[in-house]
Amino acid sequence: MNYWLMKSEPEAFGIDDLQQMPEQTEHWDGVRNYQARNMMRDDMKIGDLAFFYHSNCAEPGIVGIMEVVKEGYPDFTAFDPNSKYFDAKSVGDKPRWFMVDIRYVRHLKRPIALKELKEYPQLDGMQILRKGNRLSITPVSKEHWDFIVGLENA
DNA sequence: GCCAACGTTGGC
DNA sequence: GCCAACGTTGGC
């Protein structure tokens, strides 16, 4: 079982939006980066857990936990000319972009801000903390996962 | 295959 | 709004 961190801008789609979806489940569409695509297509498995990270907002940080409930399949927004994620180079038999479905698990008892995450030497090397990191999906080690979940009660 | 130009991400 | 970091594109 693996752990992940997935970014989303709360103004576009935040954890509260996920919680309000039917069955608290949504497809993670619109990822247009090959590294992130590969992780969704190849590596993310049913039952894996992921942090929901709010980016590009007043208080960027980890706000909750979600679970992979459907493994990689073609991102259909790439096929839709009316979608802002349309990609003419992604066609039916050779889809270029993939997504997974994720289900809301819970909010953290308190949001843990990026600013706070940076304070802990225990989290050195975590990908989200690297300068210039822009990848919207990153793997999280079990050690880092457990440490961060442990911060909830601090 | 190199690399400059350009676009996007995302913290601040 | 600024800007650093990085990915992609396209000319050569």
Side-chain angles (χ1 to χ4, degrees), chain A residues 2-21 26-44 48-68 71-102 104-141 143-145 147-152 154:
Chain A
N2 290 308
Y3 300 93
W4 308 91
L5 180 145
M6 302 169 83
K7 295 182 190 171
S8 184
E9 302 188 10
E11 281 206 14
F13 185 78
I15 190 167
D16 295 338
D17 298 310
L18 176 61
Q19 189 177 13
Q20 284 159 29
M21 296 303 293
E26 181 60 304
H27 44 266
W28 203 260
D29 62 13
V31 173
R32 297 291 178 268
N33 169 283
Y34 288 104
Q35 270 182 272
R37 187 273 315 262
N38 292 347
M39 287 187 268
M40 289 200 291
R41 189 188 57 188
D42 305 330
D43 302 329
M44 298 181 76
D48 283 1
L49 296 177
F51 285 131
F52 199 127
Y53 178 93
H54 280 174
S55 68
N56 222 349
C57 55
E59 184 89 321
I62 294 171
V63 293
I65 294 175
M66 51 198 176
E67 176 187 5
V68 177
E71 296 176 7
Y73 64 106
D75 181 342
F76 51 74
T77 63
F79 305 141
D80 176 4
N82 296 318
S83 168
K84 67 171 176 169
Y85 299 124
F86 176 65
D87 181 350
K89 290 175 181 156
S90 187
V91 288
D93 57 335
K94 282 202 123 189
R96 174 174 294 198
W97 303 113
F98 285 73
M99 59 189 177
V100 297
D101 285 0
I102 42 89
Y104 172 85
V105 174
R106 64 182 182 86
H107 283 67
L108 293 186
K109 292 176 196 160
R110 61 181 186 97
I112 300 176
L114 175 63
K115 190 174 37 155
E116 178 177 347
L117 294 172
K118 287 177 171 170
E119 294 172 3
Y120 301 109
Q122 291 92 330
L123 297 178
D124 279 357
M126 193 178 172
Q127 230 167 314
I128 190 77
L129 301 179
R130 287 210 204 119
K131 196 179 174 189
N133 160 69
R134 296 188 314 168
L135 203 51
S136 64
I137 301 178
T138 49
V140 176
S141 72
E143 289 71 27
H144 289 165
W145 179 277
F147 180 79
I148 291 167
V149 172
L151 292 174
E152 271 186 302

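So you know, we letter chains A, B, ... as the sequences are listed, proteins then strands, and number each from 1.
Residues from residues 52-64 of chain A lying near DNA chain B, meaning a heavy-atom separation below 4.0 Å, are A/Y53, A/S55, A/N56, A/P60 in numerical order.
Minimum heavy-atom separation, A/M6 to A/A50: SD-CB, 3.7 Å.
Within a 6.0 Å radius of CD in A/E119, other residues, nucleotides and ligands contribute more than 12 heavy atoms.
Comparing A/Y34 and A/K131 by the nucleotide of DNA chain C that holds the closest heavy atom to each, the one mapping nearer the 5' end is A/K131.
A heavy-atom distance below 4.5 Å is found between the side chains of A/H27 and A/Y73.
Atom NE2 of A/H144 sits about 7.0 Å away from atom CE of A/M126, to the nearest 0.5 Å. Atoms CG and CG, on A/L117 and A/L5 in that order, are 9.0 Å from each other to the nearest 0.5 Å.
For DNA chain C, the outermost nucleotides in 5' to 3' order that have an atom under 4.0 Å from a heavy atom of chain A are C/dA5 to C/dT8.
A/D29 contributes no side-chain N or O that, together with a main-chain N or O of A/D75, makes up a donor-acceptor pair within less than 3.5 Å.
If you run ring-ring contact (aromatic ring centres under 6.0 Å, His included) between A/W28 and each of A/F98, A/F52, A/W4, only A/F52 comes through.
Across all strands shown, A/K115 has no heavy atoms under 4.0 Å from either base or sugar-phosphate atoms.
Ring geometry, A/F51 versus A/W145: the interplanar angle falls under 30°, so the pair is classed parallel (tilted spans 30 to 60°).
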